[in-house]
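The structure appears below as structure tokens.
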Amino acid sequence: MRFAIPSLVFLMFSTPALAQVTAIADVQRNQPVTVAGTVERFHDEDEIRLTDETGSLRVYLGPRPVQLELGQSIQIRGFMDNDLIGNELYAREITMEDGTVVTVDGAYK
């Protein structure tokens with residue numbers, strides 16, 4: 001039993017924390033958030049519209065292209081801006097269906 005507690009502590013710190021996913025309808029301005037949904041539309045090479053069963057949201061993906069397809073399910077961790085009109089989520093991390101994580105670095109400098 002002496003080895004169970006150290007093993008549990010190691011497991012807690014060696015696995016990534018599961019982010020709480022927020023429904024798009026519940027996203028609040030000026031807050032960090034994780035959302036999950038389907039790529040509904042491409043606005044540009046750096047912007048998409050993400051949709052879930054509660055609504056849709058414009059997402060800025062950063063200056064480097066990210067390979068996405070229409071209908072693809074993804075999860076995005078980012079920061080919701082504070083604009084009064086045309087709110088947009090600024091992606092920091094994109095998790096693909098297969099679990100691959102794409103980090104959006106240097107996108108907002």
Side-chain angles (χ1 to χ4, degrees):
M1 189 63 173
R2 285 187 282 178
F3 298 107
I5 291 175
S7 298
L8 181 60
V9 169
F10 175 76
L11 252 177
M12 287 174 20
F13 289 104
S14 65
T15 56
L18 295 175
Q20 179 178 347
V21 175
T22 301
I24 289 176
D26 296 333
V27 170
Q28 296 181 16
R29 293 184 299 164
N30 204 30
Q31 297 291 319
V33 68
T34 299
V35 294
T38 304
V39 178
E40 177 183 276
R41 179 177 5 163
F42 292 95
H43 291 287
D44 230 334
E45 67 265 1
D46 62 357
E47 280 187 337
I48 63 167
R49 177 146 308 268
L50 188 71
T51 272
D52 71 6
E53 59 276 349
T54 68
S56 68
L57 181 65
R58 190 178 205 121
V59 180
Y60 176 66
L61 302 172
R64 288 182 237 140
V66 177
Q67 296 290 25
L68 298 174
E69 297 178 13
L70 286 176
Q72 183 177 2
S73 294
I74 57 175
Q75 180 173 304
I76 299 178
R77 183 181 61 80
F79 191 83
M80 192 65 194
D81 69 13
N82 196 25
D83 290 345
L84 294 176
I85 299 173
N87 286 342
E88 188 170 53
L89 176 65
Y90 291 88
R92 303 276 193 231
E93 189 176 86
I94 303 165
T95 305
M96 305 297 186
E97 287 176 287
D98 66 0
T100 303
V101 176
V102 177
T103 301
V104 180
D105 285 327
Y108 315 104
K109 293 181 182 178

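Position 1 is the first residue of the sequence; numbering continues from there.
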* So with a 6.0 Å cut-off around CD of Gln28, is the heavy-atom count from everything else above 12? ->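 Counting other residues, nucleotides and ligands, CD of Gln28 stays at 12 neighbours or fewer.
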Considering only heavy atoms from C-beta outward, does the side chain of [X] approach that of [Y] to under 4.5 Å?
X	Y	value
Val66	Ile48	no
Ser56	Arg49	yes
Ile94	Leu61	yes
Leu89	Ile76	yes
Leu68	Phe42	yes
Glu69	Val39	no

If you take all heavy atoms of [X] and [Y], which pair is closest and at what distance?
X	Y	value
Ala91	Val59	CB-CG1, 4.2 Å
Leu70	Glu40	CD2-O, 3.4 Å
Glu93	Val104	N-CG2, 4.4 Å

To the nearest 0.5 Å, tell me how far [X] [atom1] sits from [Y] [atom2].
X	Y	atom1	atom2	result
Leu50	Gln75	CG	CD	10.0 Å
Arg41	Glu47	CZ	CD	11.0 Å
Arg58	Asn87	CZ	CG	11.0 Å
Thr38	Glu97	OG1	CD	8.0 Å
Thr100	Ile74	OG1	CD1	12.5 Å
Leu57	Glu88	CG	CD	8.5 Å

* **Flag, side chain of Thr54 to backbone of Ile24, donor-acceptor distance under 3.5 Å** =>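 Looks like yes, one N/O pair under 3.5 Å.
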* Spell out, as yes or no, whether a donor-acceptor pair under 3.5 Å connects the side chain of Asp46 to the backbone of Pro63. =>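 Flag not set: sc Asp46 to bb Pro63 has no pair under 3.5 Å.
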